[in-house]
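Letters A, B, ... are given to chains in the order of the sequence lines, protein chains preceding strands, and every chain is numbered from 1. The figures that follow rest on heavy atoms only: side chains count, while hydrogens, waters and symmetry mates do not. Since this is a predicted model, take the numbers as computed values, not measurements.
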There are 2 protein chains.
Amino acid sequence: MDKKYTIKDIAKMAGVSKGTVDRVLHNRGKVSPTALEKINEVLNVIDYEPNLIARNLKNTKVYRICVLLPNPEIDPYWLPCVNGIQDAITEFKAYSVIIETHYFNPESKKSFLKTNEEIIEKSPDAVLLAPLFHKETLEIIKQYDELGIMVNTFNNQVESSSIKSFVGQDLYKSGRVAASLMNLILPKGQIAIIHIDESLKNAVHMQEKEKGFRNYFDEKNLSDFSITTLKLKHSNIESKFSVFLEENPDLKGIFITTSKAYQIATLLSSLQNKKVALIGYDLIEKNVQFLNTGLVHFLIHQNQKRQAYLGVSTLVDHFLFRKEIPDTILLPIDIINVENASFYVS
Amino acid sequence: MDKKYTIKDIAKMAGVSKGTVDRVLHNRGKVSPTALEKINEVLNVIDYEPNLIARNLKNTKVYRICVLLPNPEIDPYWLPCVNGIQDAITEFKAYSVIIETHYFNPESKKSFLKTNEEIIEKSPDAVLLAPLFHKETLEIIKQYDELGIMVNTFNNQVESSSIKSFVGQDLYKSGRVAASLMNLILPKGQIAIIHIDESLKNAVHMQEKEKGFRNYFDEKNLSDFSITTLKLKHSNIESKFSVFLEENPDLKGIFITTSKAYQIATLLSSLQNKKVALIGYDLIEKNVQFLNTGLVHFLIHQNQKRQAYLGVSTLVDHFLFRKEIPDTILLPIDIINVENASFYVS
DNA sequence: TATTTTGGTGTGTTCGAGCACATTTTTTGG
DNA sequence: CCAAAAAATGTGCTCGAACACACCAAAATA
C-alpha cells in the first residue's frame with residue numbers, strides 16, 4: 001500500500017517487458033494468454049495507479065478553452081465571473097492549456113453571434129458560454145457540435161443534448177429560499193416581486209425565481225399575504241416605483257429578482273418613514289452597503305465567480321486529467337445577511 | 001501569448017544552452033553578465049511559466065501526510081471530515097503522496113498522545129490534526145517541530161508559531177450569525193444558550209460562540225431579550241432540561257452551540273404546546289430531519305468535510321506544486337434553513 | 001522450400017525541468 | 001608565457017507513461 005508502483009515494477013514482477021504491460025493496461029492486444037495471466041496476477045495483488053504527471057508530460061497538445069460571456073463593462077453583473085476565470089487562468093497557466101475570454105454585448109444578439117463566429121475561427125477544444133439568448137444559442141451550439149467542439153454552459157440553463165455540462169443554481173429553489181426568509185421577517189402583509197432588467201434576456205431567470213417565491217406561499221396557504229409583481233426598467237424605475245408605492249401604502253416586503261436591489265434601496269432610503277423588508281440577489285458592493293445599513297435584509301448569493309471557475313476547471317480537469325465532466329453542477333443557495341457577508345465577498 | 005515556452009526555447013532564442021538558462025532561472029550563479037542579459041531580454045519579452053508537470057516528474061520523493069482526528073465511531077461529528085479526507089485521497093492517489101488517517105479517542109488525552117507517537121514513528125512530511133486538547137497539542141507540536149515535520153490544524157484553533165496553517169471558522173462570528181437569526185425570529189423574550197457536551201474539550205468552541213451570540217444582543221441594546229446559559233451533558237439532558245423548562249415557562253428561543261440540537265428538538269417535540277425557536281449547528285441527519293419538520297429553524301453549517309479536505313489539499317499543493325500555504329482559511333458561515341439544506345448535505 | 005504474414009515481445013525515444021558532470025573559456029599568478 | 005585555478009558554458013541523463021518500431025518466432029502462403 002505504501003509504494004507507488006510503476007509500469008517497470010509491474011514488468012519486473014511479471015517477468016515481462018514494460019511494453020507488454022503497457023499493451024495489457026490499454027487492451028491494445030498482441031499479448032499471449034500466458035503473459036496476460038502473469039500480468040493480471042500482479043495487477044490483482046498491487047494497487048497500480050498510473051502517474052498522472054508522467055502521463056501528461058508526453059501529451060504536448062495545448063488545449064484551447066474559450067469562454068464567452070457578456071462584457072462586464074456593459075453589465076457589471078459579470079465582473080465576478082471574470083475574476084473566477086482569471087483565477088482559473090492563474091491556476092492553470094503552468095499546464096498545457098490556453099484559456100481565452102471573449103466578451104459580447106448582452107443587449108445585442110448580433111454581437112453574441114458575431115463573437116461566436118470569432119471563437120469558431122480559433123477552433124478551440126471547448127467553449128464555456130453564458131447562453132443569454134436561447135434561440136441563438138441553439139443555433140451556434142449546432143455549429144460547435146458539427147465541428148466537434150465541446151460546449152459547456154453556466155449561469156443560464158439551456159436544454160440541448162449537445163451541451164456537455166451546466167454550472168449554475170436552481171432558480172426555482174432560490175425563489176423559495178427568498179420566500180422562506182421573507183416569511184420569517186414578516187408576519188403578514190403585502191409583498192412585491194420586482195423584476196428590474198433592461199431587456200428580456202433574463203426573463204427565464206426572473207420567472208423561475210418568481211415561481212419559486214409564489215409557490216412557497218401558495219403551498220403554506222399563507223392567506224395573510226398578498227403578492228404583486230412589478231416589472232421595471234432602468235429608465236422608469238424612479239417614476240414607476242413611486243407610483244407603485246403610492247398605490248400600495250401597506251407594502252411590507254419586496255423581493256428583487258435581479259442584482260439591482262440597491263436601486264430600490266436607494267429610493268426607499270429617501271423615504272425615512274418607510275419600513276419595507278428587502279431581499280435581493282448578489283453580493284455586489286452597493287448591495288452589501290445596504291446590507292450593512294440595514295435596508296436590505298438578505299441577499300442570495302449566486303456565486304457567479306465560482307460558477308465561472310468551475311465551468312473552466314472541470315474542462316481543464318477533463319482534458320488534462322481525464323476527469324469526468326458532470327452533467328449539472330448546482331451550487332448551493334447561500335443565504336447572506338449582514339453578519340456573514342464578509343466571508344463571501346472575495 | 002499563445003505558445004507555451006520551454007527552457008529549450010529560451011535557450012535557442014538567447015543563443016545559449018539550456019543549462020545556462022536553468023542557472024539564470026534559479027539564480028545558481030556562474031553566469032556571465034553577457035549571457036545573463038541576453039536571457040533576461042528574452043524572459044522580459046515572453047511569458048515563461050515552468051511546466052509543473054515536467055518539474056514534478058523528476059521529483060520521485062513520496063510525501064507522507066498523516067491526518068489525526070477523533071474516531072468517528074465514538075463521535076459521529078467527525079464523519080464528514082473522514083469523507084473530506086477520503087475525497088482528497090481519491091483525488092491525489094495518482095500523485096506521489098500518501099495520505100493516512102489516524103484516529104484517537106476524543107475522550108482520552110492519553111489516546112491523543114499515543115496516536116501522536118504512532119504518527120511520529122511513521123516520520124511523515126506533514127501532519128494535519130484536530131487539536132482537541134490544548135496543553136497536549138502544544139507538547140506534541142514541539143516534538144513535530146524538532147523533527148522538522150510540518151503541522152497544520154483544522155476545526156480547533158491553537159495559537160503556536162509552529163503551526164503552519166489553520167482551517168476552520170470564526171466561531172465568534174458564527175455566534176453573531178446565530179444571534180442575528182434569532183433576533184429575526186423573535187421580537188423579544190427569553191433565550192437560552194445551551195452547551196451540550198460530554199467533556200470540556202470543546203469548551204473554547206462553545207464559549208466563543210456564546211460570546212458572539214451575547215455580543216450581538218449587547219451591541220444592539222436589545223433590552224427586550226434576556227439570555228441564560230445552560231450546560232448539559234448527555235447523561236442529564238432530559239432531567240436538567242425539563243427542570244429548566246419548568247423554571248422558565250416563557251422561554252422563546254434556544255441556541256445550541258454544538259451539533260446536538262436534535263436532542264433538544266426531540267425533547268421539545270414531546271411537548272406539543274411548546275413553541276420555541278431553535279438554532280443549532282451542523283447538517284447531521286437528525287438535525288436536518290428536525291429542520292424539515294420545522295422544529296429547528298436554522299442550522300449553521302461548519303462544513304467540516306471541506307475543512308478536512310482543504311487541510312489536506314493545501315499540503316499536497318504545497319509539496320507537489322510549491323503552492324503557498326495560507327496561515328488561516330476561514331470558511332464562510334453558511335446559514336441553512338429547510339429550503340436550502342439539500343444543497344449542502346453531501 | 002522459400003517467402004511473406006502474423007502474433008508476440010522487447011527496446012528506444014519522447015515529453016520538460018533539473019541537476020551532475022564534462023568541457024571550454026577566461027583569469028590569475030609564478 | 002605557460003600552467004593551474006576559476007569561471008562560464010554545454011551535454012547528458014533522469015523521472016514514468018506512451019507509443020513507434022525493431023525484432024524474433026511460428027504459422028500461413030506461394
Check ion pair B:Asp47-A:Lys93 (N to O, under 4.0 angstrom):
no
Can you pull out the residues from residues 49-59 of chain A that lie within a 4.0 Å heavy-atom distance of DNA chain D?
A:Pro50, A:Asn51, A:Ala54, A:Arg55, A:Leu57, A:Lys58
Rounded to 10°, tell me the angle between the two end axes of the helix from C:dT1-D:dA30 to C:dG30-D:dC1, each built from five pairs.
70°
Quick one: sort the B:Phe92 and B:Tyr309 rings into parallel, tilted or perpendicular, breaks at 30° and 60°.
parallel
Pairs satisfying side-chain hydrogen bond (donor to acceptor under 3.5 Å, both in side chains), at least one member in residues 139-149 of chain A, at least two apart:
A:Asn116-A:Tyr144, A:Asp145-A:Ser162
Geometric cation-pi criterion A:Lys61 and A:Tyr63, 6.0 Å radius, 45° cone
yes
Keeping to residues at least two apart or across chains, list the salt bridge (charged side-chain N to carboxylate O under 4.0 Å, His left out) pairs with something in residues 14-24 of chain A.
A:Asp22-A:Arg28
Should the pair B:Glu49-B:Lys4 be classified as a salt bridge under the 4.0 Å nitrogen-to-oxygen rule?
no
Do any of residues 313-324 of chain A sit with a heavy atom less than 4.0 Å from DNA chain C, and if so which?
none
Does A:Tyr5 place a side-chain N or O at less than 4.0 Å from the phosphate oxygens OP1/OP2 of D:dA17?
no
Going 5' to 3' along DNA chain C, which are the first and last nucleotides with any atom under 4.0 Å from a heavy atom of chain B?
C:dG16 to C:dC19
Can you confirm whether more than 12 heavy atoms, excluding those of B:Glu118, are under 6.0 Å from its CD atom?
yes
A:Glu73 CD: over 12 foreign heavy atoms closer than 6.0 Å
no
Would you list the pairs meeting salt bridge (charged side-chain N to carboxylate O under 4.0 Å, His left out) in which at least one residue belongs to residues 155-169 of chain B, sequence neighbours left out?
none
Under 3.5 Å, which protein N or O atoms sit close to an N or O of nucleotides 6-10 of chain D? Give each pair with its distance.
residue, atom, partner, partner atom, Å
D:dT9, OP1, B:Ser32, OG, 2.5
D:dT9, OP2, B:Ser32, N, 2.7
D:dT9, OP2, B:Ser32, OG, 3.0
D:dG10, OP2, B:Ser17, N, 2.6
D:dG10, OP2, B:Ser17, OG, 3.0
D:dG10, OP2, B:Thr20, OG1, 3.1
D:dG10, N7, B:Arg23, NH2, 3.0
D:dG10, O6, B:Arg23, NH1, 3.1

Let me confirm one number: the CG-OG1 distance from B:Asn71 to B:Thr115, rounded to the nearest 0.5 Å.
9.5 Å
Any pair with a residue in residues 41-61 of chain A that passes ring pair (Phe, Tyr, Trp, His ring centres under 6.0 Å), sequence neighbours left out, goes on the list, sorted by first then second residue, please.
none
Excluding sequence neighbours, so at least two apart, what forms ring-ring contact (aromatic ring centres under 6.0 Å, His included) with B:Phe154?
none
Against A:Met150, only a single residue in A:Leu128, A:Asp125, A:Leu315, A:Val127 fulfils side chain to side chain contact (heavy atoms under 4.5 Å, CB included); can you say which?
A:Leu315
Considering only residues two or more places apart or on different chains, which pairs with a residue in residues 306-325 of chain A satisfy salt bridge (charged side-chain N to carboxylate O under 4.0 Å, His left out)?
A:Asp317-A:Lys323
Those residues that, when tested against A:Phe166, pass ring-ring contact (aromatic ring centres under 6.0 Å, His included) (two or more places apart)
none
